[in-house]
Amino acid sequence: MKTTAFFTRIIGWLTGSRLTVDNSVVKDLDLNRFIGSWYEVARFDHFFERGMSHTKANYVIREDGDIDVINTGIKDGKPKTAKGKAKRTDIPSLFRVSFFGPFYSDYRVLLLDADYRYVLIGSGSDNYLWILSRTPLLSEEAKTKILSEAQRRGYDTDKLIWVKQE
């Protein structure tokens with residue numbers, strides 16, 4: 001594990017990206033419970049979702065074992081859809097996701113509610129963070145728990161954009 005962390009830091013240094021957060025994944029994930037629809041409750045700002053509201057992600061297991069990822073939302077009053085693919089890895093809570101041809105990025109499950117009601121998602125860098133929920137709104141208790149975990153891991157939760165879902 002230390003070797004992997006070392007090489008991750010070297011690659012980050014060579015590519016100019018830094019990892020300043022703990023993006024380790026949860027130990028267990030039941031894919032059959034995880035698949036389905038999730039509302040995007042909050043996210044860090046990034047170009048591919050900038051200005052979008054009512055965002056949702058839907059995950060469907062494909063016949064080949066990979067996962068179809070269908071993201072939807074509203075931008076400038078018009079519905080938008082992005083279709084991607086997630087490859088499973090040897091680690092159940094780490095996927096490799098692509099929306100842009102052969103380019104894949106880490107999709108890391110950082111926190112998962114025991115009843116699969118909400119999840120905190122990170123990536124291979126500290127530039128991406130999402131809070132997803134099975135319902136459009138989170139309880140204050142769940143929100144507090146998720147934000148506390150994100151902060152403990154070193155994420156700047158003040159950068160989160162709370163997504164309009166109603």
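Every heavy atom of this structure was used, including side-chain atoms; hydrogens, water molecules and symmetry mates were not. Index from 1, following the sequence. None of these values were measured; they are calculated from a predicted model.
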query: In terms of side-chain geometry, is the basic nitrogen of D64 or R62 positioned less than 4.0 Å from the acidic oxygen of its partner?
result: yes
field: Test: R153 and E149 ion pair at under 4.0 Å
entry: yes
- prompt: Will you find, in the side chains of S37 and N58, an N or O donor that is under 3.5 Å from an N or O acceptor?
  reply: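 There is such a pair (donor and acceptor under 3.5 Å, judged by atom type) between the side chains of S37 and N58.
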So which atom in [X] and which in [Y] form the shortest heavy-atom distance, rounded to 0.1 Å?
X: Y155; Y: L110; result: OH-CD1, 3.7 Å
X: L112; Y: F34; result: CD1-CD1, 4.5 Å
X: F99; Y: N71; result: CZ-ND2, 3.3 Å
X: N127; Y: F44; result: O-CD1, 3.5 Å
X: T157; Y: A150; result: CG2-CB, 3.7 Å

- request: Assess whether side-chain contact (heavy atoms from CB on, under 4.5 Å) is satisfied between I146 and V41, documenting all intermediate values.
  value: CA-CA 11 Å; I146 296 165; V41 176; over 6 Å; no
- prompt: Is it the case that one hydrophobic cluster holds both L94 and I61, taking links as side-chain heavy atoms less than 4.5 Å apart, direct or via other members?
  reply: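 No.
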task: State yes or no: do W162 and L111 share one hydrophobic cluster built from I, L, V, M, F, W and Y residues joined by side-chain heavy-atom distances below 4.5 Å, directly or via other members?
output: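 Yes, W162 and L111 fall within the same hydrophobic cluster.
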Quick check: are there more than 12 heavy atoms from other residues, nucleotides or ligands sitting under 6.0 Å from [atom1] of [X]?
X: R88; atom1: CZ; result: no
X: K159; atom1: NZ; result: yes
X: K145; atom1: NZ; result: no
X: F48; atom1: CZ; result: yes

Are the side chains of [X] and [Y] in touch, meaning some heavy atoms are under 4.5 Å apart?
X: K164; Y: H54; answer: yes
X: I121; Y: Y107; answer: yes
X: F95; Y: L31; answer: yes
X: D22; Y: R152; answer: yes
X: V97; Y: K87; answer: no
X: V69; Y: K85; answer: no
X: K143; Y: Y118; answer: no
X: V21; Y: L129; answer: no

- request: Would you check, one step at a time, whether the test side-chain contact (heavy atoms from CB on, under 4.5 Å) holds for R50 with D45?
  value: CA-CA 6 Å; R50 188 164 291 139; D45 187 32; 3.0 Å; yes
task: Could you check E49 against V163 for side-chain contact (heavy atoms from CB on, under 4.5 Å), going step by step and ending with a plain yes or no?
output: CA-CA 10 Å; E49 283 188 296; V163 178; over 6 Å; no
Distance (rounded to the nearest 0.5 Å) between [X] [atom1] and [Y] [atom2]:
X: K56; Y: T81; atom1: NZ; atom2: OG1; answer: 12.0 Å
X: Y39; Y: L137; atom1: OH; atom2: CG; answer: 9.5 Å
X: L120; Y: R108; atom1: CG; atom2: CZ; answer: 12.5 Å
X: E140; Y: L147; atom1: CD; atom2: CG; answer: 9.0 Å
X: T55; Y: Q165; atom1: OG1; atom2: CD; answer: 5.0 Å
X: R117; Y: R134; atom1: CZ; atom2: CZ; answer: 11.5 Å

query: Which word best sums up how the rings of Y128 and W130 line up, parallel for under 30°, tilted for 30 to 60°, or perpendicular for over 60°?
result: parallel
message: Evaluate D126 against N23 for side-chain contact (heavy atoms from CB on, under 4.5 Å), listing each step before the verdict.
response: CA-CA 8 Å; D126 53 6; N23 69 352; over 6 Å; no
